[in-house]
Amino acid sequence: MLLDIQNLTLGLPGAARPLLAEVSLRVGAGETVGLVGESGSGKSTTAKTVLRLLPEAASVTGRVLVDGTDVLALDGAGLRAHRAGTVAMVHQDPRSALNPVRRVGDFLVERLTSTGTTDRRTARAKAVELLGAVGLSEPERRFGQRPHELSGGMLQRVVIAGALAAEPRLLLADESTSALDVTTQAEILALLRSLREQRDLGMLFITHDLHLAAAFCDRVYVMYAGRVVEQQEADRLFTHARHPYTRGLLACSPELEDIDRALEPIPGRPPSLSDTFTGCPFATRCPHAEPECGTWIPEPVPLPGGGTAACRRLADLPEGPVEQPVLAKRSPA
Amino acid sequence: MSAIETRPEAPLLVADGLTKTYRLPGGERLTAADRVSFTVPRGGSLGVVGESGSGKSTVARMLVGLVRPDAGTVAVDGRDRATRPPSFGRAAHRLARAREIQMVFQDPYISLDPRLTARHCLRTSLRLHGRDAGDGRIAALLDQVGLGAREAGARPHELSGGQCQRLAIARALAVDPRVLVLDEAVAALDVSIQAQILRLLDEIRRDTEVALVFVSHDLAVVRHITEETVVMRRGTVVEQGPTSRVLGAPEDPYTRLLLASVPRRGWDPADAERARAEADAA
Amino acid sequence: MTAAITVDARLPVRRRPVLVIAGAAFLALVVLAAAFAPLLAPYAPDAVDLSASLVGTGGDHPLGTDASGQDLLSRVLYGARTSLIAPLALLAIAALLGVTLGTVAAWRGGWVDTLVSRVTDVMYAFPGLLFVVLIIAVFGAGITTSVLGLGLAFAPTIAKYTRSVALTERAKPYVDAYRVQGMGGVRICVRHLVPNLARSIVGYLVVLFGEALMSLATLSYLGFGSQPPSSDWGLMVQEGQAAIVQGALLPALVPGTAIAAVVVAFNVVGVWAADRLGARR
Amino acid sequence: SGATTGASTSGTEAADLTLIPTTARATGSVAAVNWLLEDEPDSLDLDTQGGSAGRTVLGNVCERLYQLQPDMSVRPSLVRQAARPDATHLVLTLRDDVTFHDGSRMTADDVLFSLKRHAEPEMEQSDEFGNVSAMRKTGDHEITITFKQPDALFTKALAGDAGLVYNREQVEKAGEDFGTPGQSDACSGPYELSGWKSGDSITLTRADDYWGEQPLTGKVVFRWADDSAMVNALATGAADGTYADNIGTAAALRGKKGLDEHFGPSTSTLALIPTERGGLADPDIRKALSLALDRSGIAKSGYGGLVEPWATPVGSGAWGYAKDAFAAAQKQLTDAPAKPDAQDLAKAKELVKNAKKAPAEPIVIGTDSSQGRMVIANAVRAALTQIGLKGQIKTVPAAQYGEFYGDKEARADIDVLVADWYISKSDPFGFYDNGLSDSANNWVGFKSPEYDAKVAEGLRTLDDAKRAELAIDVQRRFADAAVWIPVAQMPTALVLDDKLTGPPASMAYLYYPWAAQLGAKKG
Amino acid sequence: MFASIGRRLAGLLATLLAASFVIFAAVYAAPGDPAVFLAGGRDKLTPERLAAVREQYHLDEPLVVQYGRWLWDCLHLDLGRSFQYGDQVSDLLSSRFPTTLALVGYATVLFVVLGVGAGVLAAVRRGSWVDSAVVGTTTLTASVPSFVGGIALVAFFGVRLGWFPVTGSGEGFAGTLHHLTLPALAMALGAVAVIARVTRQAMVEAGAADHVEVARAAGLPEHQIIRRHVLRNALGPVVTMCGLVTAGMLAGTVAIETVFGLSGIGSLLVGAVNSHDFPVAQAVLLLMVAGYILVTTLVDLVHPLLDPRLKAMRSSA
Ligand SMILES: Nc1ncnc2c1ncn2[C@@H]1O[C@H](COP(=O)(O)OP(=O)(O)OP(=O)(O)O)[C@@H](O)[C@H]1O
Ligand SMILES: Nc1ncnc2c1ncn2[C@@H]1O[C@H](COP(=O)(O)OP(=O)(O)OP(=O)(O)O)[C@@H](O)[C@H]1O
Ligand SMILES: [Mg+2]
Ligand SMILES: [Mg+2]
């Protein structure tokens with residue numbers, strides 16, 4: 001396994017509940033794994049632990065193994081090497097990911113030389129080559145331009161080029177297309193997909209768009225309030241979502257094709273860090289919740305078609321695609 | 001103006017040839033909207049879609065009068081919004097226009113006055129228009145958008161994004177508008193909340209016969225909530241018509257590109273690449 | 001575009017409020033001392049005692065005396081009045097002018113903005129105290145002239161600040177919402193825009209207070225501001241300066257320290273308040 | 001840090017000071033000295049801008065027809081000989097060996113030109129020529145001056161700025177720029193002006209072809225500094241000496257290692273001058289104030305004990321003749337006690353009670369904010385309070401303070417001015433003409449025909465002994481009417497590096513080539 | 001680029017014109033006859049003198065014409081004659097300006113080195129005792145008016161310890177340095193505080209930018225991140241602030257030169273105002289304002305070089 005997160009729990013002093021609770025997640029080489037959830041569910045935090053970018057004063061338990069090394073045990077030079085080597089991250093907003101006062105080329109050259117293995121001359125040539133590889137026209141010219149002279153889509157390509165500079169095996173894409181227009185998003189996704197194929201990259205693809213995750217990834221994890229609530233093959237998620245939250249998400253996301261279906265909102269609002277739970281965090285919003293759910297500590301239950309879902313009422317829940325309105329009750333926030 | 005009878009079959013909102021050119025620093029000009037025309041019937045719902053920068057917001061802002069069009073007119077019930085009826089004072093004209101079209105903005109937090117509680121916010125609107133601003137009326141409005149007594153006394157920062165957006169809608173409804181313009185009103189919300197707001201809008205339309213102009217880049221949302229759609233690209237309307245036709249059987253390559261770019265079951269981003277090639281060729 | 005709104009649940013970094021509390025307490029003390037100077041001061045501020053010229057601390061004069069044997073503690077206590085009220089008055093003048101100009105410029109934009117900006121630019125071209133010095137050169141020295149002059153000199157700073165925060169605030173959609181609701185510009189500005197800026201402007205003014213106090217003290221020191229026999233602190237420093245060479249440091253040191261202490265306290269409290277009030281710096 | 005930060009005002013009492021006109025003779029030469037002035041001279045044209053800074057410099061550069069000696073007597077200088085054929089004529093025979101610094105010889109034309117320049121109405125010294133009806137060149141080396149009436153003081157005036165002799169050609173060439181930085185002097189004298197860096201320094205160098213005796217010191221560099229800076233500069237040896245205009249400077253440097261202090265006679269006094277405004281129009285009130293004023297307190301607090309409570313408005317330096325008579329007379333004046341005792345105070349209160357025009361409003365005391373004057377002003381306020389009146393202080397910046405003396409409007413809102421006053425002539429009559437009914441300096445409007453007559457007579461009287469008698473009489477009348485309220489006499493204070501000696505310690509330094517006497521103690 | 005420089009220079013000229021007009025026209029705001037006012041006090045005001053003033057200032061002509069002539073004369077360095085000194089104002093200025101310039105230059109060097117150094121240190125060691133010390137000290141020094149600081153320095157280093165001379169501006173390089181150390185320090189103290197805070201703030205802000213975290217996530221060495229991403233990006237506000245403070249210091253010399261008895265243009269101005277020597281006051285004000293505008297414009301021109309985003313905005317502006 002390229003990335004293997006085991007029972008990761010991350011707490012902050014002063015926070016009512018852990019940011020991440022018992023998160024387990026695996027990404028294999030060449031595999032694209034989606035991570036979805038509403039805002040604040042802990043997606044970015046999960047991704048950052050892979051680089052050991054933790055909030056100050058955070059307390060962590062569990063293990064984060066990248067290629068067998070435990071990232072959480074690294075520091076100093078070892079950590080820098082880890083960050084500069086195996087894993088690379090692509091952030092959401094390409095404009096803020098690049099230093100506005102430096103040239104695009106400097107960004108790449110800096111990455112290439114930071115390991116100390118390349119001199120500036122070859123780094124330059126390599127940078128231009130990378131710019132070409134991510135589909136930028138006139139890479140020579142782009143090299144000398146500054147971020148404000150490029151469009152968002154182009155910048156995201158530059159950021160991806162930067163991520164590729166260290167020839168990583170694992171790519172963490174944190175909402176890396178969310179800030180872009182749909183059409184541009186499609187371009188970038190196409191690029192990511194082809195890069196993955198060429199370089200046999202493992203990819204952790206974070207998004208809040210369940211449809212996008214299901215369409216783009218091989219496997220999808222769904223997070224809610226710092227927990228992984230469901231994990232399945234992407235194809236099956238459209239058709240056989242099992243956790244009520246996942247089903248709720250599908251039911252309330254409008255679809256282009258499926259126009260006759262009424263949107264069924266999930267009542268209430270996504271939990272914030274100040275909300276605490278004694279049991280299943282989704283219980284208060286769940287149409288199938290029973291009083292016992294309020295005390296049941298969620299744990300992944302294996303699903304018949306592969307994957308897991310953390311719900312104690314799995315057996316009683318409907319299967320199959322979410323077509324009929326499943327949520328009868330509607331209540332305002 | 002009073003001479004014009006309001007005929008029931010006449011469209012409620014008529015935008016005709018709206019054009020806006022911004023002067024950019026450096027002397028360049030940018031035509032953000034170029035002869036944009038459309039109509040919305042009484043109680044109807046129009047979607048405006050397009051990529052970022054295509055001029056959607058500019059059109060929305062011209063409708064409510066936040067941006068003065070360089071050319072073109074906006075008429076509600078056959079009355080041109082720009083010309084002042086002789087019998088009206090400036091303030092009266094302003095208020096009368098406000099009762100024609102109201103607007104809901106994208107970011108719910110900053111579209112509300114941070115100093116005012118929900119109740120206070122609604123009272124300000126009601127008073128401005130000389131309406132009954134009693135607690136009963138306010139409670140009714142809040143209830144209409146699904147807010148309760150706790151929220152009534154809260155300031156925006158004490159509310160969630162969805163609640164803020166509900167309040168913003170209530171504020172617009174307080175004026176009893178004929179048309180409600182929503183500029184990316186759900187874009188900033190989580191999907192579960194977005195669905196709540198969309199449902200609320202549906203109910204409001206049913207209850208009040210207010211017409212919606214729904215500006216969004218999210219085709220799926222537009223498909224769900226509107227009857228007519230206008231597709232914009234670089235300031236111009238490339239396609240318009242019934243939503244089911246425009247988004248179901250698009251004619252314009254650009255519309256096809258937009259549609260091909262939306263991720264869905266079995267989607268391949270490479271399809272979008274091909275659609276782009278077509279759109280660029282066209 | 002679809003970025004979901006995240007409520008920032010990050011915990012506020014705890015500041016060390018001990019200093020702030022100490023500063024605030026000190027300021028409160030100074031204000032009380034100024035108000036009740038007649039009760040607290042052991043002597044009249046202008047009581048002369050030629051037999052006790054330049055005595056040191058201790059005994060009858062807790063902080064010593066100046067060359068004419070006037071009690072420094074009493075003078076500093078009474079001096080707190082002018083030294084605190086004058087900067088307040090000047091800030092009031094400057095704020096009235098500056099906030100009005102800044103708001104009008106930001107709201108109206110176009111040529112009004114250009115005009116206001118140009119005028120403030122020209123005022124800005126007079127660094128520091130120079131504008132006041134020009135006014136004093138023409139109208140003569142005095143505390144009134146200084147306060148008015150400094151009020152004028154500070155106004156552009158405040159106008160510029162107000163304009164910039166007002167521009168940001170004006171760009172927020174809630175202001176558009178008021179316009180869409182049919183509210184008039186004046187009403188929006190007076191009832192909603194300025195009140196929403198008030199915290200930030202007050203925060204800015206609090207920080208400016210220290211500067212105002214120091215500028216006035218400097219003017220008094222140069223002989224342009226308060227005139228003797230006032231016990232304005234800046235003036236006292238000037239009067240006490242001559243005694244330094246005679247080995248008597250107190251006459252200059254006591255009022256100098258008073259200025260510095262009040263300004264320090266104000267800055268400590270002010271920076272904290274400005275942060276709390278959300279002033280941009 | 002504790003109670004030590006107050007100054008330890010050593011109890012120097014003025015009475016301890018013996019005023020000695022000059023310092024011991026110098027024998028060794030010195031290449032250069034650094035001298036301090038209280039201020040940069042506004043101009044080195046004393047006709048347009050008089051001031052002690054300029055005089056201190058120019059005394060060494062520009063010679064006068066007569067010369068004031070360290071003992072305050074007057075002797076011919078550029079004049080070889082003077083004769084008075086009758087009481088209204090003065091014939092001056094000029095030296096013929098005098099050369100100006102540009103090498104040209106001094107002629108009677110130059111002298112006449114200079115005198116006429118001084119006499120022009122807008123010039124500083126014009127009032128000295130009020131009695132002159134004609135000035136003529138009556139020979140190659142002879143000038144005759146005709147007076148409207150006998151003038152006892154005129155030759156003394158010629159030892160002051162009214163006797164400066166300029167090189168006509170040079171003055172006319174310089175025009176308006178005469179006396180500004182970059183111009184050369186147009187004088188004869190032991191030193192010539194070799195540079196004036198505006199804002200920085202003035203340099204004098206020994207004039208090589210000086211017609212008289214060569215000085216010991218080669219170069220004098222003048223810089224200026226305010227009191228505190230002056231004290232520091234002298235204490236640290238950055239400067240070699242100064243005539244401390246502000247006596248406080250000398251007080252602060254008392255006992256400092258490496259420095260000598262010399263105190264000499266001066267005409268200078270501290271006094272209160274009542275003004276036209278009228279708060280002190282009543283002589284009884286003035287006298288009461290005088291009786292209640294704590295002069296020794298002022299001397300101690302404001303001037304480090306270096307000034308001496310004094311009962312007349314002229315310092316002892318004015319006693320250029322009949323010294324003993326004047327000294328005795330000064331002792332007889334009792335209306336200006338050093339420290340008022342109960343009796344004085346009772347008398348003062350009595351005077352106020354019975355005064356015809358007791359002021360209702362507070363009496364406004366005008367001053368600048370320099371330490372000494374502020375102390376006097378405060379003391380006056382305290383004295384007024386003691387005798388049941390009110391005082392109020394009005395200060396102006398130092399630079400404006402001078403306006404009080406010359407400008408009636410500037411005085412319009414003060415009742416009494418805290419003043420320093422010196423006269424250039426070593427003759428009390430040089431002062432008492434200020435009390436004449438028509439004098440511009442008689443602000444309070446003192447009118448007494450007898451006084452006027454006595455002064456006129458004194459000014460006409462050429463015999464010293466007789467004139468002294470008249471002066472003492474006039475002095476008593478002036479004191480009785482309390483036209484001015486004397487406070488203290490201020491000696492000249494010379495602070496000097498203890499390796500140097502030579503210059504006079506008296507007020508003569510303003511008009512006398514003092515630097516020419518300056519040199520090292522041991523040769 | 002050149003167009004934008006041209007525009008800046010035009011702006012500079014316009015501001016300079018407006019400011020000079022304010023300085024010139026101020027005398028008309030004075031109560032009474034401007035000639036009397038200009039003649040400087042009422043002492044010995046002869047008709048000839050009034051006439052001379054009228055002529056020097058062309059008081060008989062319309063205001064604009066007078067201003068034009070005055071400006072023309074100023075451009076030819078004919079600033080009139082001082083009433084107090086009787087000397088050409090331009091001579092007075094030229095002999096005093098070097099002192100002021102040396103003082104400001106020295107103070108600038110001091111506050112840039114100390115201020116930026118302290119600011120960087122505080123930002124890098126944010127939250128530590130170093131940070132607290134820097135913040136505490138700067139709060140203190142920022143609260144002491146320069147004249148009070150100056151007097152304290154004089155009392156301590158000049159009088160008590162006698163380490164530094166407290167009068168005059170010294171001769172030669174070493175002498176000037178020695179003489180100007182205390183005054184420069186007194187002026188720099190407040191500025192050090194300002195610069196240290198701005199530097200710290202700018203560094204903290206620059207350090208909070210996403211791209212810094214991105215760089216950290218890419219495993220770049222910390223010193224490189226601080227140098228290339230944090231400090232480099234913080235330079236804009238720091239340089240601007242340094243420029244503004246330096247420009248303002250010209251005026252700050254008014255107080256400091258008085259404290260230290262230096263003959264620069266600051267003390268010249270104070271003297272001129274007190275003695276009603278208006279031509280001198282006008283000239284000094286003009287010089288100071290011109291210096292201020294010049295330096296601020298320079299800073300404005302430099303800023304885009306440090307932040308290319310601004311350059312893009314400017315050159316298209
Ligand atoms: N450094 C931090 N200090 C304190 N709280 C933090 C920190 N980083 C994240 N959080 C909080 O942790 C929670 C999870 O944050 P995270 O960014 O992982 O969510 P997310 O799922 O990525 O959300 P989004 O979709 O908005 O990006 C949020 O409530 C967030 O406010
Ligand atoms: N006030 C303005 N001045 C100059 N240009 C403007 C202004 N407002 C908008 N524009 C420009 O006009 C174009 C259209 O803007 P508009 O906001 O209408 O687009 P939009 O379709 O709403 O985009 P988005 O989806 O990003 O909101 C953009 O290029 C924008 O930069
Ligand atoms: Mg995130
Ligand atoms: Mg928009």
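Residue numbering restarts at 1 for every chain, and letters A, B, ... go by the order of the sequence lines.
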Side chain from CB out, backbone as N, CA, C, O: work out which of these in Ala215(E) comes under 4.5 Å of a heavy atom of chain A, or both, or neither.
both
Donor-acceptor pair between Thr100(E) and Glu257(E) side chains, under 3.5 angstrom:
yes
Taking atom types as modelled, find out whether Asp300(E) and Thr297(E) have a side-chain donor-acceptor pair closer than 3.5 angstrom.
no
Please state whether the side chain, the backbone, both or neither of Ala97(A) comes within less than 4.5 Å of a heavy atom of chain E.
both
Give the minimum heavy-atom separation between Val230(E) and Met203(E), together with the two atoms involved.
CG1-O, 3.3 Å
Go through Asp93(A), Leu79(A), Asn99(A), Leu51(A) and name the one with the most non-hydrogen pairs under 4.5 angstrom from chain E.
Asn99(A)
Sidechain-backbone polar pair: Glu149(A) side chain, Arg146(A) backbone, donor-acceptor under 3.5 Å:
yes
So which of Leu98(A), Val87(A), Leu53(A) has the biggest tally of heavy-atom pairs under 4.5 Å with chain E?
Leu98(A)
